[in-house]
Trainee: 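Before anything else, here's the structure in question.
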2 protein chains.
Amino acid sequence: MMHMVNEFRAAPRELSQPTDLMGAIGVRMAFAKDEEIYGQGEATDFVYRLVHGTVRTSHFMADGRRPIGDFYYDGELFGLETRSQHGLTAEALSDCIVLVASRKALIAAGGDEELRQLIWKATVRDLDRAREHLSLLVRKSASERVASFLMGLADRCCDEVVELAMGRQDMADYLGLTIETVSRMITQLQSAKVVEFKSCRQFRITDRDALLDMAAG
Amino acid sequence: MMHMVNEFRAAPRELSQPTDLMGAIGVRMAFAKDEEIYGQGEATDFVYRLVHGTVRTSHFMADGRRPIGDFYYDGELFGLETRSQHGLTAEALSDCIVLVASRKALIAAGGDEELRQLIWKATVRDLDRAREHLSLLVRKSASERVASFLMGLADRCCDEVVELAMGRQDMADYLGLTIETVSRMITQLQSAKVVEFKSCRQFRITDRDALLDMAAG
DNA sequence: CGCGACCTTGACTAAGTTCAAGCTGGGTGG
DNA sequence: CCACCCAGCTTGAACTTAGTCAAGGTCGCG
């Protein structure tokens, strides 16, 4: 399922912090697109840092629906759930490099307080995102949802051209819409000259104010 | 706005725990129905324990929409937001008794670790609830939402007859529906002999399995 | 080049909203 | 104590939005 990458104790320079135990202890792993990183029900023994790529957490339900927990991007910590077992499954949306450290090892290395901090920060961030996600789903129209989503992606990315790591189905699941509706809304935003899709996975904002308006709407 | 109740250092017996600093230090306050307990933008200097009543947190938006953060019930802690200012407003849905303690006082009384624990637990609980709320809003039909909501209320309450602390508008805001749709779904659930409303604020589950099915659906 | 996955588009349908009346029941004043 | 009043709830009919089903298009890859 997952294959180790050579350097076992490599602390990638770009991520090192003064006391970055995670970088020192963590194991670098590569996951191919669509590979599972952890599954719901597995023990929450590890801490994950996404060095490169995009990850999706989701919850498989009996009836086939798959509500998306969240998306995680370059540099973010994920998998820090608060119970002893994962309630969500994490999958690589694109090829990913992930730094994995066991909680035990972190504690053994004296990173008790650091681990606590990591978990705290990740939990607060997840809560904030969940609240934002909630306000998106309650009383927002399809076009507002799509506009908010694109705006959010653009905010996280300094480049002019924004890459969509996820396909339409993932967007739809996240936004509580169908793939067709997402597609239509995107077409509509393009006709309104608010965004411009170079391909279905890359877009550029042509009228930021208008997009903000639609997102807030 | 709020009026102190006589007993300043009364630790209500039913809430006392081995080391219940909150009960010892907290000030008991009464809030009338619809009174504001704290407002968005205020500093998060206090910790609140709801001794009796029901509280709603919500976020007032420019356009008049008011997404509901959550409802809090007897015995729960609330207002433990993670930033220095409240992002949500808390209001009493019914007449409430609230135990209020300042964070400073708790720390001064040596409750540093206890405070930390309180905040951690409340944050985790809020996150869990937010996730549940999310899964309710993504891809659930109106009837499923209402069924889930009623089921949730009933689970929290051991009595056979369940009191609805909130009106239809609050339910609608929480469920991402209109007041009319909520009303129609309730009527429908009654026709299906799944629940029985004694008045618009009290109901009884007549077919628990059926309600569970509809809620899960 | 052609296949297959993914995206877009169209026509129709279903679900929920909106707008507009009516109803109900709990509280108040005569 | 009763009648009235009014906020909150329910109901109905028309309408709007998003979903469904089905077909066609596009892009990347073997």
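In what follows, chains are A, B, ... by sequence order, proteins preceding strands, each numbered from 1. Everything quoted here is computed from the prediction, not taken from an experiment.
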Trainee: Classify every nucleotide of nucleotides 13-30 of chain D by which part a protein heavy atom approaches to under 4.0 Å, writing B for the base, S for the sugar-phosphate alone and - for neither, in 5'-to-3' order.
Mentor: B----SSBB---------
Trainee: In terms of side-chain geometry, is the basic nitrogen of Arg208(B) or Asp155(B) positioned less than 4.0 Å from the acidic oxygen of its partner?
Mentor: yes
Trainee: Provide, to the nearest angstrom, the distance between the NZ atom belonging to Lys198(B) and the C1' atom belonging to dG26(C).
Mentor: 15 Å
Trainee: Given atom CZ of Phe197(B) and atom P of dT24(C), what is their separation to the nearest angstrom?
Mentor: 17 Å
Trainee: Applying a 4.0 Å non-hydrogen cut-off, can you work out what Arg145(A) is touching in the nucleic acid: base, sugar-phosphate, or nothing?
Mentor: nothing
Trainee: Take a 6.0 Å sphere around CD of Glu132(A) and say whether it holds more than 12 heavy atoms from other residues, nucleotides or ligands.
Mentor: no
Trainee: For the helix from dC1(C)-dG30(D) to dG30(C)-dC1(D), what is the angle between the axes at its two ends, each from 5 pairs, rounded to 10°?
Mentor: 30°
Trainee: May I have all residue pairs that pass salt bridge (charged side-chain N to carboxylate O under 4.0 Å, His left out) and include part of residues 73-89 of chain A, sequence neighbours excluded?
Mentor: Glu76(A)-Arg129(A), Arg83(A)-Asp128(B)
Trainee: So, Tyr174(B) versus Phe71(B), ring centres under 6.0 angstrom or not?
Mentor: yes
Trainee: What is the distance from CG of Asp34(A) to P of dA5(C), rounded to the nearest Å?
Mentor: 13 Å
Trainee: Calculate the interatomic distance between Leu189(A) atom CG and dT9(C) atom P; express it in whole Å.
Mentor: 13 Å
Trainee: Of all residues at least two apart in sequence or in a different chain, which pass the side-chain hydrogen bond (donor to acceptor under 3.5 Å, both in side chains) check with Thr89(B)?
Mentor: Gln40(B)
Trainee: I need the CD1-C1' distance between Ile179(B) and dT11(D), as an integer number of Å.
Mentor: 13 Å
Trainee: For the pair made of CZ in Arg168(B) and P in dG16(C), what is the distance, rounded to whole Å?
Mentor: 17 Å
Trainee: Under the side-chain hydrogen bond (donor to acceptor under 3.5 Å, both in side chains) test, which residues partner Thr181(A), sequence neighbours left out?
Mentor: Thr178(A)
Trainee: Mind calculating the distance between CG (Leu164(A)) and P (dC6(C)) to the nearest angstrom?
Mentor: 15 Å
Trainee: Quick one: is dC6(C) close enough that its OP1 or OP2 comes under 4.0 Å of any side-chain N or O from Arg201(A)?
Mentor: no
Trainee: To the nearest Å, how far apart are Met166(A) CE and dC6(C) P?
Mentor: 15 Å
Trainee: Less than 6.0 Å separating the ring centroids of Tyr48(A) and Tyr72(A)?
Mentor: no
Trainee: Using a cut-off of 4.0 Å on non-hydrogen atoms, how would the nucleic acid contact of Thr187(B) be classed: base, sugar-phosphate, or nothing?
Mentor: sugar-phosphate
Trainee: Of all heavy-atom pairs between Ala90(A) and Phe78(A), which one has the smallest distance, and what is that distance?
Mentor: CB-CE1, 4.2 Å
Trainee: Does anything in residues 174-202 of chain A pair up under salt bridge (charged side-chain N to carboxylate O under 4.0 Å, His left out), and if so which pairs, sequence neighbours excluded?
Mentor: Glu196(A)-Arg204(A)
